[in-house]
Amino acid sequence: MGRLILVANRLPVTVTRGPEMTHVSPSPGGLAAALRGLRYPGGTVWIGWPGPVQGVPASEWLHVETRLRELGTVPVMLTAREVTRFYEGFANGILWPLFHYVTGVLPLRVEGWEEYQAVNARFAEAVVSQYRAGDVIWVHDYHLLLLPSMLRARLPDARIGFFLHIPFPTSELIATLPHREELMRGMMGADVVGFHTMQYARHFRSATERVLGEIWHGDTLERAGHRLRVGVFPISIDVEPFEAAATDPQVEQETALLRGDGAERLLVGIDRLDYTKGIPRRLLAFESLLRRHAEWRGRVRLIQVAVPSRTGVTAYSKFRHEIDALVGRINGDFATPHWTPVRYLHQSVPMYQLLALYRAADVMLVTPVRDGMNLVAKEFVATRSDDDGVLVLSEFAGAAAELTAAVLVNPYDVDGTGERLHGALTMPREERRTRMKSLRAVVREYDVHRWTHDFVDTLLSPALEARET
Ligand code: GDG
């Protein structure tokens, strides 16, 4: 049996230079979290960028390389210029906002295309050098849209899958993208192209029709030498560690500390600090709750964790200041000497604390303006084996297609979201239980192992129908 070669911009581990020595530690973000627990009978090989390693002294590099090899990973190095122009520029400065419909942060001029091509070609080189007949290749995400076709040209008989972790937007937006033909053609080298939702898959089909004049037969398309299939595979989580939180003494202790004497209700938000996650409008919705329902003043607080992310991209540093200012204003307007409405953590929290926040939350706020899936929503649900807690979820998160028993909100409607918060805080216990039971059943039914299995199965058997397209 062949191996599964996983190709993603970031390895599931990152090399970072500490004050004393260099560490190899788990990478942040949803993709890494979802794929870390992946098992494949023939074994896996990971190909990706290990993070900015330029500062690692030569004396430690051998140790780092050995550690990466032990973990089954193959590093692809990026120069500082490529980090700026491929990663921060083209991938995170153009594709990320455009695919999330946040056109306001797009630069006037699209730059970094040469580096985007060059890095995709370097990844192709690394995959070809690892590939053995019988291996299956699975390429991930928007950083590597050109890679499937580059691999198809070099390895015509290989099984190549591609999965997009972010939304695929309407073809109206794809049409605005310089290099749209190359990018769409790049994806089409795969045998299977997977998305989180039916809507994204539909947008992809219409974009290929519009940009390349392709003609689909249902979910398949005949290409020179191979058949392309589009499928829907909603990513999920490894449920077990989240359910186990219920019996972890450290988590229980922390949960009790967060709940305190129960006099205050707790709202929780946990996100990467990203303009797609809807943090400013969420803060305004909370403010609206406090203004319109004054009875909650002193009786409810919001803990918002925003993990620093992509700090090299200008739009992110501007956005950070916007949140700082909003938190300051809301706290300034509403705090009393005994109560602070918003506790804002611009840092990541350790796992036991993350689990305790999920368990202590009366209401979990997942209100992105746009999100491919959003794993935080699924993690929260999996943690609530007590069948309590309310999930307030944006209609514009991919997760909303599955988690229909959540309280769904339009995050752009700030006052409307504030009213839904009031509704969530006053929801009767029986309704909370019914909704949470139904949400937990969805997440348990389709976990990350089924997700992987479904995708790879579809990739291995072209005759097999993909889910629900
Ligand atoms: C992309 C897509 C899609 C967050 N803060 C802390 C922490 N986290 C962990 C969460 C979760 C992950 O980070 C975030 O995952 P998301 O899915 O919510 O978001 P993205 O990073 O934007 O992921 C997204 C995903 O890819 C997978 O396809 O769902 O739509 O944008 O696992 O738990 N973990 C810890 N401390 C923190 O402070 N330990």
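For ligands, and for the atoms within them, numbers begin at 1 and follow the listed sequence. Bear in mind that the values here come from a model prediction, so they are computed numbers and not experimental data. Along the sequence shown, residues carry numbers from 1.
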Open item on the list: I'd like to know whether the aromatic ring centres of H449 and W451 sit less than 6.0 Å apart in this structure.
Closed with: no

Task: Charged tip of R310 within 45° of W96 ring normal and under 6.0 Å - done: yes

Open item on the list: Using a 4.0 Å cutoff against the non-hydrogen atoms of G372, which atoms of ligand 1 qualify?
Closed with: 30 (O)

Task: Any P368 side-chain heavy atom under 4.5 Å of V366 side chain - done: yes

Task: Residue portion contacting ligand 1 (non-hydrogen atoms closer than 4.0 Å) for F99 - done: neither

Open item on the list: Below the 3.5 angstrom mark, is there an N/O of M373, backbone or side chain, next to an N/O of ligand 1?
Closed with: yes

Open item on the list: Please list, in number order, the atoms of ligand 1 under 4.0 Å from a heavy atom of H196.
Closed with: 28 (O)

Open item on the list: Out of all atoms in ligand 1, which are within 4.0 Å of some heavy atom of R272? Include the element for each.
Closed with: 20 (P), 21 (O), 22 (O)

TODO: Indicate, as side chain, backbone, both or neither, the part of E379 found under 4.0 angstrom from ligand 1 when only non-hydrogen atoms are considered.
DONE: side chain

- [ ] Determine whether more than 12 heavy atoms belonging to other residues, nucleotides or ligands lie under 6.0 Å from atom CD of Q253.
- [x] no

Open item on the list: At under 4.0 Å between heavy atoms, is it the side chain or the backbone of L375 that contacts ligand 1, or both, or neither?
Closed with: both

Task: salt bridge (charged side-chain N to carboxylate O under 4.0 Å, His left out), paired with D388, selected from R435, R259, R432 - done: R432

Open item on the list: Distance under 4.0 Å to a non-hydrogen atom of I270: what atoms of ligand 1 satisfy this?
Closed with: 4 (C), 5 (N)

TODO: Number the atoms of ligand 1 from 1 as they appear, then name those within less than 4.0 Å of a heavy atom of K277, with their elements.
DONE: 18 (O), 19 (O), 20 (P), 22 (O)

TODO: Could you tell me whether I237 approaches ligand 1 through its side chain, its backbone, both or neither, with non-hydrogen atoms closer than 4.0 Å?
DONE: neither

- [ ] Look at atom CZ of R343 and say whether more than 12 heavy atoms of other residues, nucleotides or ligands are closer to it than 6.0 Å.
- [x] no

Open item on the list: Show the atoms of ligand 1 that are less than 4.0 angstrom away from any heavy atom in W96.
Closed with: 31 (O)

Open item on the list: Using a strict threshold of under 4.0 Å (side-chain N to carboxylate O), is an ion pair present between R433 and D387?
Closed with: no

Open item on the list: Regarding ligand 1, does H100 bring an N or O atom to under 3.5 Å of one of the ligand's N or O atoms?
Closed with: no

Open item on the list: Just to be sure I'm reading this right: ignoring hydrogens, which of L273, V376, V349, V307 gets closest to atom 5 (N) of ligand 1? Compare them by their nearest heavy atoms.
Closed with: V307

Open item on the list: When you compare the side chain of I303 with that of L258, does any pair of heavy atoms fall below 4.5 Å?
Closed with: yes

TODO: Could you tell me whether some N/O pair between Q347 and ligand 1 is separated by less than 3.5 angstrom?
DONE: no

- [ ] Give a yes/no on ligand 1: does Y358 have at least one heavy atom closer than 4.0 angstrom to it?
- [x] yes

Open item on the list: With a heavy-atom distance limit of 4.0 Å, tell me whether R370 approaches ligand 1 through its side chain, its backbone, both, or neither.
Closed with: neither

Open item on the list: What verdict does the side-chain contact (heavy atoms from CB on, under 4.5 Å) test give for D271 and V376, after you've listed the backbone C-alpha separation in whole Å, the side-chain angles of each residue and the deciding distance to 0.1 Å?
Closed with: CA-CA 8 Å; D271 312 82; V376 166; over 6 Å; no

Open item on the list: For a quick check under 3.5 Å, do W216 and T208 share a side-chain donor-acceptor pair by atom type?
Closed with: yes

